[in-house]
Amino acid sequence: MTNIRNRLGSLPWVWSFVGAFATWLVTLVVSAGQGGGQVLTAALTFSAFTVLVSLGQMLVITSGPGNVDLSIPSVIALSSAVSMLVMNEQGAMIVPGILAAVAAGAAVGLANYGLIRVLRIPPIIATLSSSLITTSVAITIGRGLKIKPPDAFANLVTGKIAGVPLLAILALLAAIAIAIVLERTVYGRTVSAIGQSRRVARLADLRVEWTRLLTYVASAGLAGLTGALIAGFAGGNSLDQGEEYLLLTIAVVVIGGTSVAGGRASVPGIWGAALFMFLIVTMLNASGIPPGLRMLFTGLIIIAVIAIGGGEKALR
Amino acid sequence: TKDMKIALSNNYAGNSWRQAMLKSWDTVTKQAVSDGVIAEAPAFTTSENQATEQAGQIQNMILQGYNAIVIDAASPTALNGAIRQACDAGIVVVTFDGIATEPCAYRIAVDFKKLGSMQIDFFKSRGLKGNLLEIRGLAGVFVDDEIHSGVESAVKADPDFKIVGSVHGNWTQTVAQKEVAGILPTLPDIVAVATQGGDGFGAAQAFKDAGRKEPVIFMGNRDDELAWWKQQKDANGYVTMSASIAPGSSAFAFWVAQKILAGDKVPQDMTLPITVVTQDNLEEQIKHTEKGSVTNVNYSRQDVSNILAEGQK
Amino acid sequence: MNPGSLAPAERTRPAAPARGSEVFVDLRGVSRNFGAVQALRPIDFQVLRGECLGLVGHNGAGKSTLMNVLSGTLNASAGTITVNGADLSGRYDVRVAHHAGVRCVFQELSLCPNLTIAENARIAHPALRGIGWRKRAAALMQGALDQVFPGHGFGMGDVVGEMPIGRRQMVEIARAFTETEDEARLVILDEPTSSLDQGAADQLIAAARRFAAGGRSTVVISHKINEILAVADRVVVMKDGTIIDDRPRAAWTRDSIVEAMGHAAERIRTTRVTTATADTVVEVPSSGSGSLAFRAAKGEIVGLAGLAGHGQTDTLLAIQSRAGGAKVSGEVALVPGDRVVDGVFPLWSIERNISARWLPDLTQGGLIRLGSERRKAQEWGARLALKTPDIRDPILSLSGGNQQKALFARALGSPATVILMDDPMRGVDIGTKQDVYAMIAKEADMGRTFLWYTTEMDELYYCDRVYVFHYGRIVKELVAAEISEDAVLRASFEEHA
Amino acid sequence: MSRQALFATAERLLPAITLGLLLAAIFTEQPRAMSYFGLNLLLSLAIPIMFATLAQMMIIAINDLDLSIGSYVSLVACIGSTLLTSQPWLGALALVCGIALYAAVGALIEWRRLPSIVVTLGLSFVWLGLAVTLLPTPGGKAPAWLSGSMRAQPAFAPLPIYFAAVLSLVGWLVVSRSSFGVILRGAGGNARSVARAGWSLLGIRMAVYGMAGLLGTISGLCLLGLTTSGDANLASRYTLVSIASVILGGGSFIGGRVFPVGAVLGAMTLTLAASFLTFMRINADWQIGAQGFILVAVLALRAMLSRGREAA
Ligand SMILES: Nc1ncnc2c1ncn2[C@@H]1O[C@H](COP(=O)(O)OP(=O)(O)OP(=O)(O)O)[C@@H](O)[C@H]1O
Ligand SMILES: Nc1ncnc2c1ncn2[C@@H]1O[C@H](COP(=O)(O)OP(=O)(O)OP(=O)(O)O)[C@@H](O)[C@H]1O
Ligand SMILES: [Mg+2]
Ligand SMILES: [Mg+2]
């Protein structure tokens with residue numbers, strides 16, 4: 001018994017899946033067993049976006065205590081505008097559009113790192129400041145106008161294979177790729193190393209600053225990609241498309257078992273927690289209780305799952 | 001009033017409605033300044049959508065010595081303290097869209113309750129009957145509560161309709177789409193969707209994705225909503241209606257403020273007509289709407305006088 | 001501070017070791033396991049009043065675990081604890097231990113780095129509160145530091161985190177001797193001198209003797225046998241979680257202790273036959289007035305000597321980052337000495353900690369080859385006799401000395417040709433040290449260069465050349481034949497223009 | 001004084017310097033602000049932010065982060081404008097319960113060793129849910145004594161200045177000087193060491209969260225006094241603002257390094273930074289971005305000083 005608990009304890013992401021599954025079951029009960037499969041399809045679709053951005057957030061959070069990327073929403077606003085402007089409703093421009101979106105994100109990531117490194121601004125404040133600036137850029141570029149995606153692009157991002165959304169497959173592949181990167185590349189190991197101690201990492205001759213730079217670029221780049229995908233999925237860009245991802249990504253990363261103190265990432269947990277967060281809302285919506293109570297329960301359920309899962313194991 | 005200054009205090013710029021609103025303000029005030037009607041009329045937006053920040057902004061405007069402040073308020077009550085200070089300093093305060101309850105301020109209100117109830121009336125007039133889905137705005141915000149209570153009271157009064165599901169779309173298309181997609185599978189057949197604007201297109205997308213037949217979705221004034229409606233109308237004769245508040249209300253408020261400064265008598269409470277798009281004038285409206293923006297009405301000084309005069313009657 | 005606790009200095013060691021044989025602490029049948037690891041087998045352990053007890057044993061023998069149990073920070077899995085005649089088993093914890101007068105200076109230092117010296121005293125003493133507590137705390141620490149380390153030069157408002165590790169260790173030791181309403185009756189010092197230079201270590205030994213002379217007790221753990229012989233009235237030897245020998249000081253010799261610990265007696269020290277070649281691989285220009293330039297050749301072992309914290313570590317770090325005009329040819333790897341701050345990745349397994357420096361060389365097609373990683377880590381673990389059931393266990397499950405070995409493996413297993421060692425033998429047991437010394441000599445023979453900062457005088461004899469540091473400057477260069485304790489000390493204390 | 005000491009002093013004084021610079025800029029742009037009335041207008045909204053910042057600072061001192069303080073302050077304002085006015089005793093009881101809940105959350109975090117960031121994120125939904133339930137649409141009315149006292153016009157200096165002075169002093173005494181403050185910061189610097197000295201980390205966390213709850217409560221009441229009515233979303237941005245203020249004031253996220261005086265000044269600086277924009281004429285598109293630039297500029301100053309210190 002203790003053995004099982006220990007084993008589960010070392011797999012912190014299990015609890016997010018347990019939470020997601022439980023919520024889904026309750027949803028089924030509430031809706032009298034109706035539409036369970038479709039709820040899952042919807043959950044997969046929308047979690048895909050959450051997963052893509054949260055993977056970047058996870059890298060940043062893993063790179064050390066106090067590291068967090070608050071610029072994600074503004075990057076999504078910017079990159080969705082950039083991608084739609086570049087695509088300009090032409091099917092031929094889909095790939096350049098996506099690349100432009102990723103590049104716009106990466107540029108913001110680079111700026112974030114510059115603020116953190118050159119001006120030594122703590123990451124929270126640095127990314128907050130850059131998000132304000134990015135929002136202004138997005139307003140200037142997009143003028144708040146919505147441009148439609150090319151039909152081919154819209155069909156692609158809303159497409160399904162055997163009932164499974166293409167987006168979910170993409171996000172799954174991305175998650176697997178990042179898991180491999182973390183476990184099996186020098187960059188990935190270095191992210192975890194600097195998350196535990198930058199000083200120790202430097203003394204072990206790991207490339208500390210290069211890794212931090214890549215991490216912020218990767219996070220914003222993933223947000224950039226997601227911005228393009230959201231614009232395609234939602235029938236066009238808009239300034240407010242990313243707003244919900246500010247706190248959602250942090251919640252997903254941490255509920256998924258990544259250590260906020262840095263150094264330990266949990267990729268599967270991102271999927272579990274993303275599904276969980278979507279399904280909580282669905283469950284509470286379906287239950288028909290008033291909005292205030294819905295929020296109250298959302299909070300209580302989050303706290304309960306994290307408390308049952310338990311937190312950081314005591315070190316020696 | 002040619003040497004007077006009017007400021008616009010705005011709390012949010014992150015969606016197309018607000019962008020259009022700021023644009024209307026910009027257009028109308030630029031003209032007014034070059035016509036020598038007013039000395040200057042800058043617009044200010046807070047970086048965060050938050051009443052406290054806007055209150056601070058208003059306090060600064062008091063210090064700046066503006067003659068009038070036009071406010072799209074983040075909260076109907078939380079700015080009252082700052083507005084009171086402005087009035088005490090002899091400044092004319094005009095609130096629109098998001099209005100403030102402080103008695104000294106002028107209010108250009110939209111009947112949000114009616115915006116709610118008219119949706120049910122429209123469904124009724126279409127001969128619909130059965131289950132409704134309601135998409136609400138941001139919880140805890142005045143506008144959301146008003147529209148919702150309009151919808152709710154109308155549904156209560158009518159045994160033909162029943163709200164079987166309700167989600168918060170935060171007036172954001174993507175959020176609305178996500179929330180509707182989540183709850184939809186658990187719901188029985190839906191005949192109509194009551195909305196608050198900015199969320200109709202998202203709801204339509206969610207229905208399409210779920211492979212359900214689109215019910216009658218009440219629309220807002222976003223271009224994408226109208227375009228989708230037009231497309232459905234052309235394809236299968238889809239019938240719905242759109243009601244909203246025009247972003248040009250900022251221009252309306254500007255002229256009201258200017259009139260007050262000029263010494264005209266203006267009632268403390270004014271009502272701005274709801275901008276309605278119907279099956280018949282849909283094409284016409286789309287033609288007038290900038291691509292990707294929202295349907296708008298640009299009020300001139302004369303329009304304002306006319307509407308006020310009508311209101312007096 | 002109770003003035004009686006540190007009686008006036010006694011120059012000579014008392015002939016009769018213990019004052020009376022009253023038992024102060026009595027542990028019976030105490031055991032402790034961590035999962036499958038039996039860190040302490042049922043053990044009986046006593047400390048007498050007025051006794052200074054030396055505790056020795058190989059890395060991972062269970063010394064720290066036993067002391068953690070005694071100081072209340074770890075619960076025993078079984079057994080009884082009697083302190084001062086009162087049976088405290090079952091309700092024994094830090095507070096109870098503190099109240100009973102048991103103090104512990106832990107192996108891994110535990111001051112709060114963000115606080116000042118005086119504020120750290122407050123952490124240890126609940127009684128320091130109310131109006132004027134700052135003054136009292138400062139006076140308390142000042143008194144203790146003056147007694148233990150005369151001439152220390154600390155300001156009580158100095159922030160601990162800004163001091164080098166040796167200085168921090170001094171503060172923590174002094175803090176253990178402070179007293180408020182709870183007296184200090186037993187002070188446990190777990191490898192207290194690991195980061196101290198000779199002078200400070202001698203001061204500590206004298207203070208511990210005075211403390212015992214005042215009727216109080218101390219337990220000293222050290223891998224420096226000479227210190228144990230100098231300080232202890234009785235020496236207890238542990239091995240694999242049990243006590244295997246326990247005799248009064250008089251019955252021990254250096255060699256018999258080493259043997260009891262299960263190691264071959266030390267080889268006779270031979271002066272090294274240098275393998276230095278003519279190619280200079282490291283060069284640091286003189287840092288200014290009166291300072292010598294630093295140079296090391298391929299295959300050479302160069303010592304960095306002098307009092308602790310006089311710029312040796314800074315020089316090594318400058319060489320590592322090639323700062324301050326340092327010229328280095330070839331790759332460099334560092335063996336840190338302050339493992340908590342500089343060495344260990346606390347969340348990682350032993351394996352990952354070892355391989356951290358090797359990653360670029362383990363990579364094929366962009367991916368780390370996990371198989372070779374494990375094989376190589378295991379191989380190095382075995383070469384350094386790392387004491388662990390499984391190389392995949394967390395690094396923090398290792399005893400302090402074994403963590404240090406892992407850091408050695410990290411550097412020696414890398415392709416680096418220049419190895420920087422920042423007082424790396426802190427907490428490493430004698431047996432392993434000997435193995436490591438031999439390994440260093442062998443690697444130097446094969447052309448590696450070692451730059452070796454050490455606070456242990458003995459280790460300088462393994463060097464080809466030694467630079468003596470004083471206030472950040474290199475004041476003396478000694479070649480092999482000139483190296484002696486005397487020469488180093490003379491250079492360290494000389495007045496330099 | 002050596003160059004290094006000079007830079008170090010400048011760094012310590014930085015929060016005060018940036019505040020001074022901002023004020024100077026505002027005064028040049030708008031001389032009218034340089035008056036009792038003007039300062040009151042400029043700074044009155046900083047009062048609740050100061051309290052929220054100190055609440056956040058307590059939490060940051062022990063290496064946690066509170067993402068719920070903004071919604072908690074809003075909740076307090078909602079309680080204040082409804083229950084406290086209509087049934088004062090019930091209202092007071094609700095406020096006390098809020099503080100107790102805060103302390104309980106601290107206990108939960110310590111007991112289960114949870115990451116504070118998610119627990120408080122969840123908690124923010126709880127507070128918001130309670131606020132929306134209590135006050136579905138903005139409104140209510142602050143008790144007269146509350147709005148009255150926030151309108152007070154004391155002699156010599158406007159109210160915000162008094163608040164800032166008293167808060168700085170009390171914060172400094174409690175956190176930087178008192179023997180309790182040492183334990184608190186020690187727990188942030190090295191929790192294990194504090195536990196090994198026999199202190200109960202559970203007790204410390206509960207005390208810290210309880211105090212944060214108390215400060216949050218005061219913040220909410222002050223804010224309500226200023227706005228005169230409640231709103232469930234009234235102060236949600238306080239979460240980020242309070243974090244930024246603590247950092248501006250020289251604190252760091254880990255290691256128990258926090259400075260109450262700096263935090264209070266940081267809160268005032270951020271409040272002014274937002275106002276500063278209204279005084280500059282900036283293209284509407286770039287107003288939001290300009291806030292970012294101001295933040296960056298203020299923090300860049302710190303970087304310059306610490307570079308200078310290191311170089312000296
Ligand atoms: N060359 C070096 N060799 C060894 N350690 C170093 C070196 N440079 C810095 N460090 C140590 O590494 C840690 C991180 O330092 P670094 O200067 O890179 O951080 P930083 O970029 O200044 O971050 P922040 O702006 O947050 O202070 C510190 O503990 C510092 O003392
Ligand atoms: N928290 C822990 N988890 C697992 N194993 C542990 C833990 N603490 C100690 N051990 C194990 O217990 C044994 C005894 O460790 P201990 O630290 O007491 O050794 P030590 O005699 O102090 O060694 P050293 O001289 O290296 O400090 C070792 O095998 C160690 O790996
Ligand atoms: Mg640096
Ligand atoms: Mg040990």
Side-chain angles (χ1 to χ4, degrees), chain B residues 7-10 12-14 19 22-23 25-26 40 42-66 73-86 88-89 98 100-102 138-146 148-149 168, chain D residues 26 29-30 32-33 35 37-38 40-42 44-46 48-49 70 74 77-78 81 128-129 131-132 135-142 147 150-151 223 225-238 240-241 271 274-279 281-282 284-285 287-292:
Chain B
L8 170 67
S9 163
N10 175 38
Y12 183 62
Q19 284 294 327
L22 288 170
K23 202 164 172 187
W25 176 271
D26 198 50
E40 62 171 341
F44 297 97
T45 302
T46 57
S47 69
E48 218 81 30
N49 178 10
Q50 199 85 117
T52 46
E53 218 176 321
Q54 197 175 14
Q57 191 188 51
I58 293 168
Q59 292 181 332
N60 294 322
M61 290 172 173
I62 302 174
L63 277 177
Q64 289 279 62
Y66 288 101
S75 158
T77 54
L79 299 178
N80 286 355
I83 292 175
R84 179 81 246 164
Q85 285 169 319
D88 290 349
T101 56
E102 169 57 47
L138 202 57
V141 174
F142 165 75
V143 177
D144 168 57
D145 207 58
E146 286 287 292
H148 168 68
S149 66
H168 281 264
Chain D
I26 291 177
E29 194 62 35
Q30 185 50 260
R32 234 187 299 190
S35 62
F37 174 69
N40 200 10
L41 276 186
L42 277 177
S44 63
L45 279 165
I49 299 182
S74 312
C78 288
S81 66
L128 189 59
V132 169
L135 197 62
T137 186
K141 196 161 168 45
S147 31
M150 291 311 288
R151 269 201 304 271
L223 179 57
L226 290 168
T227 60
T228 69
S229 82
D231 179 335
N233 296 303
L234 190 56
S236 28
R237 87 189 180 96
Y238 277 19
L240 281 178
V241 169
T271 312
S275 321
F276 182 52
L277 283 174
T278 324
F279 291 95
R281 298 305 163 78
I282 293 174
D285 289 353
Q287 279 171 9
I288 296 176
Q291 303 248 20

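So you know, we letter chains A, B, ... as the sequences are listed, proteins then strands, and number each from 1.
Contact count versus chain B (heavy atoms, under 4.5 Å) is highest, among Thr227(D), Leu41(D), Val241(D), for Leu41(D). Among the candidates Ala13(B), Gly65(B), Ala51(B), Pro42(B), the residue making the largest number of heavy-atom pairs closer than 4.5 Å to chain D is Gly65(B). In terms of heavy-atom pairs under 4.5 angstrom with chain B, the leader among Ala131(D), Gly139(D), Ala232(D) is Gly139(D).
In this view, Ala77(D) and Leu224(D), Leu234(D) satisfy the side-chain contact (heavy atoms from CB on, under 4.5 Å) rule, not counting sequence neighbours. Under the rule for a salt bridge (Lys or Arg N to Asp or Glu O under 4.0 Å), the partners of Lys23(B) that lie at least two apart in sequence or sit in another chain are Glu290(B).
By the 4.5 Å heavy-atom criterion applied to side chains, Arg237(D) and Thr52(B) are counted as neighbours. Using a 4.5 Å heavy-atom threshold, the side chains of Arg151(D) and Gln85(B) count as separate.
The part of Glu40(B) that comes within reach of chain D is its side chain, from C-beta onward, which places non-hydrogen atoms under 4.5 angstrom from that chain. With a 4.5 angstrom heavy-atom cutoff, Thr228(D) touches chain B only via side-chain atoms. In this structure, chain B has a heavy atom under 4.5 Å from the side chain of Asp231(D), while its backbone stays farther away. Both the backbone and the side chain of Ala33(D) come within less than 4.5 Å of a heavy atom of chain B. For Leu223(D), the part sitting under 4.5 Å from any heavy atom of chain B is the side chain, from C-beta outward, and nothing else. In this structure, the portion of Thr46(B) lying under 4.5 Å from any heavy atom of chain D is its backbone and not its side chain.
The two residues Ser229(D) and Ala78(B) have their closest heavy-atom pair at OG-N, 3.8 Å. Gly56(B) and Leu45(D) get closest at one heavy-atom pair: N-CD1, 3.1 Å.
Of the inter-residue distances, the one linking Asp88(B) atom CG with Phe37(D) atom CZ reads 8.5 Å to the nearest 0.5 angstrom. Taking CD1 of Ile26(D) as the reference point, atom CG of Leu63(B) lies at 9.0 Å (rounded to 0.5 Å). Remark: Ile49(D) CD1 to Glu53(B) CD distance equals 8.5 Å, nearest 0.5 Å. Note that CG of Asn60(B) and CD of Glu29(D) are 12.0 Å apart. Values are rounded to the nearest 0.5 Å.
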Run the numbers on Leu42(D) and Gln59(B) for side chain to side chain contact (heavy atoms under 4.5 Å, CB included), then give the verdict. CA-CA 7 Å; Leu42(D) 277 177; Gln59(B) 292 181 332; over 6 Å; no
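Without hydrogens or angle criteria, Asn233(D) side chain to Asn49(B) main chain gives no donor-acceptor distance under 3.5 Å.
For the residue pair Gln50(B) / Ser236(D), a side-chain donor-acceptor distance below 3.5 Å is found, with atom types taken as modelled.
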